[in-house]
Amino acid sequence: MRPYTALTIAGSDSGGGAGIQADLKTFEEWKVYGMSVLTSLTAQNTTGVQDVHHIPVSFIEAQLDSVEQDLPIDVIKSGMIARKEAAEHIGAWIAKQKVPYVCDPVMVSASGHPLMEEETRAALSEHLFRYATVITPNIPEAETLLDMEIRTERDMQEAARKFVEELGAKGALVKGGHLNGEAVDVLYDGEIMRTYREDRISTENTHGTGCTYASAIAANLAMGRTLPVAVEKAKDYITEAIRHSFDLGSGSGPTNHWAHRKERVK
Ligand SMILES: Nc1ncnc2c1ncn2[C@@H]1O[C@H](COP(=O)(O)OP(=O)(O)OP(=O)(O)O)[C@@H](O)[C@H]1O
Ligand SMILES: Cc1ncc(CO)c(N)n1
């Protein structure tokens, strides 16, 4: 018997709350075997990003080849891809893989540090979105990518539709963590518009929510669940992870990846 597997292509967060660390912790909670290809290393903690080192494209490719040549991949998830050349090469590699792909277009850390160079924005649309089963922008990312203002749920729906109809993604989940009121996300899969709604939890500890949510969606797709069901399960998971998030560090603390477990110990 082999386990379901997931590959994350993302950056490292030395503080352990976001990036590749959040992805692998999430895969583990869903009992999906996690693999990782690193794009950038960040010197980061709960207060911010202190330094960034980008991995050369040739070494990103070497990691992709190592995984591809030896291991089965049931789903791909991508996060921080800072540079245009990296986006081009990763896109060309993903095009050859015939598995679901979750693309989280990481642009800025929760602490406000840019994690993507400006010229990479167009490369994401051109080289990655078209292969994505779903892309998962938050509201500021959706506003930047589509050059539109998003203030209401109706705006979120319009944005999700544009990602699919104009930028070629198969599905788009626009996340409403940055709006006031309830925590509402909108999913458009090219046919049906769905809304996922939870009460907002009062906490500053939301470091890594986006990475964790996208990875939980990927883990559920790896198991063969449909996109709407994968998002429903992942939304429950991220809500519990935020509800029981950790007061670690002096900035925005990390989510609790094991909060969904019955025997939860904090
Ligand atoms: N305070 C909160 N209470 C409940 N749910 C929340 C809260 N903040 C965010 N969420 C939910 O968490 C998920 C991640 O959304 P968010 O918009 O925060 O992602 P993000 O901005 O990409 O995350 P990151 O901070 O890692 O960049 C969404 O389902 C969103 O609705
Ligand atoms: C490495 C990395 N990826 C993604 C995010 C977004 O939360 C972050 N803060 N750091």
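Just follow the structure's listing: the first ligand is 1, and inside any ligand the first atom is 1.
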If you count the atoms of ligand 1 from 1 in the order shown, which ones are under 4.0 Å from a heavy atom of [X]?
X      : answer
Gly208 : 26 (O)
Thr206 : 25 (O)
Arg200 : 1 (N), 3 (N)

Asp185 and Tyr213 side chains, donor-acceptor separation under 3.5 Å: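 Indeed, the side chains of Tyr213 and Asp185 share at least one donor-acceptor pair under 3.5 Å.
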Does ligand 2 have any atom that is closer than 4.0 Å to a heavy atom of Gly210?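 Gly210 does not count as a contact of ligand 2 under the 4.0 Å cut-off.
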Can Ser12 be said to touch ligand 2, with heavy atoms closer than 4.0 Å?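 Ser12: in contact with ligand 2 (<4.0 Å).
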Nearest-0.5 Å distance, [atom1] of residue [X] to [atom2] of residue [Y]:
X      : Y      : atom1 : atom2 : answer
Glu198 : Glu182 : CD    : CD    : 9.0 Å
Glu88  : Thr120 : CD    : OG1   : 9.5 Å
Asn220 : Leu227 : CG    : CG    : 10.5 Å
Lys175 : Thr209 : NZ    : OG1   : 6.5 Å

Any heavy atom of [X] closer to ligand 1 than 4.0 angstrom?
X      : value
His178 : yes
Thr203 : no
Ala18  : no
Asp185 : yes

Looking only at protein heavy atoms, which one is nearest to [atom], and what is the separation?
atom                    : value
atom 27 (O) of ligand 1 : Asn138 ND2, 4.2 Å
atom 22 (O) of ligand 1 : Lys175 NZ, 2.7 Å
atom 13 (C) of ligand 1 : Tyr213 CD2, 3.8 Å
atom 18 (O) of ligand 1 : Thr209 OG1, 3.3 Å
atom 26 (O) of ligand 1 : Gly210 N, 2.9 Å
atom 3 (N) of ligand 2  : Gly19 CA, 3.6 Å
atom 10 (N) of ligand 2 : Gln44 NE2, 3.1 Å

Are any of the N or O atoms of Val108 closer than 3.5 Å to those of ligand 1?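 No, no N or O pair falls under 3.5 Å.
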Output yes when the distance from some N or O of ligand 1 to some N or O of Gly177 is under 3.5 Å, and no in every other case.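 Min N/O separation from ligand 1 is below 3.5 Å for Gly177.
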Should the heavy atoms of other residues, nucleotides or ligands under 6.0 Å from CZ of Arg2 be counted, would the total exceed 12?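 More than 12 within 6.0 Å, yes.
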Can you tell me which portion of Leu115 lies within the under-4.0 Å heavy-atom range of ligand 2? Options are side chain, backbone, both, or neither.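 Side chain only.
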Please determine whether a side-chain nitrogen of the Lys or Arg among Lys162 and Glu158 lies less than 4.0 Å from a carboxylate oxygen of the Asp or Glu.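 Salt bridge present between Lys162 and Glu158.
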Flag the pair Glu240 and Arg261 as a salt bridge only when some basic side-chain nitrogen lies within less than 4.0 angstrom of an acidic carboxylate oxygen.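 No salt bridge links Glu240 with Arg261.
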Would you mind reporting whether Arg194 and Glu232 have side-chain heavy atoms less than 4.5 Å apart?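 Contact flag for Glu232/Arg194 side chains = no.
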When you compare the side chain of Ile135 with that of Leu124, does any pair of heavy atoms fall below 4.5 Å?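 Side chain of Leu124 against side chain of Ile135, heavy atoms only: no contact under 4.5 Å found.
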Look at the rings of Trp30 and His260 and say which category their plane angle falls in: under 30° parallel, 30 to 60° tilted, over 60° perpendicular.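 If you compare the ring of Trp30 with that of His260, the planes turn out parallel.
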Look at atom 11 (C) of ligand 1 and find which of Val174, Val231, Ile242 reaches it with the closest heavy atom.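 Considering heavy atoms of Val174, Val231, Ile242, the nearest to atom 11 (C) of ligand 1 sits in Ile242.
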I'd like to know if the side chain of Thr5 and the backbone of Asp74 have a donor-acceptor N/O pair within less than 3.5 Å.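 Checked: pair present.
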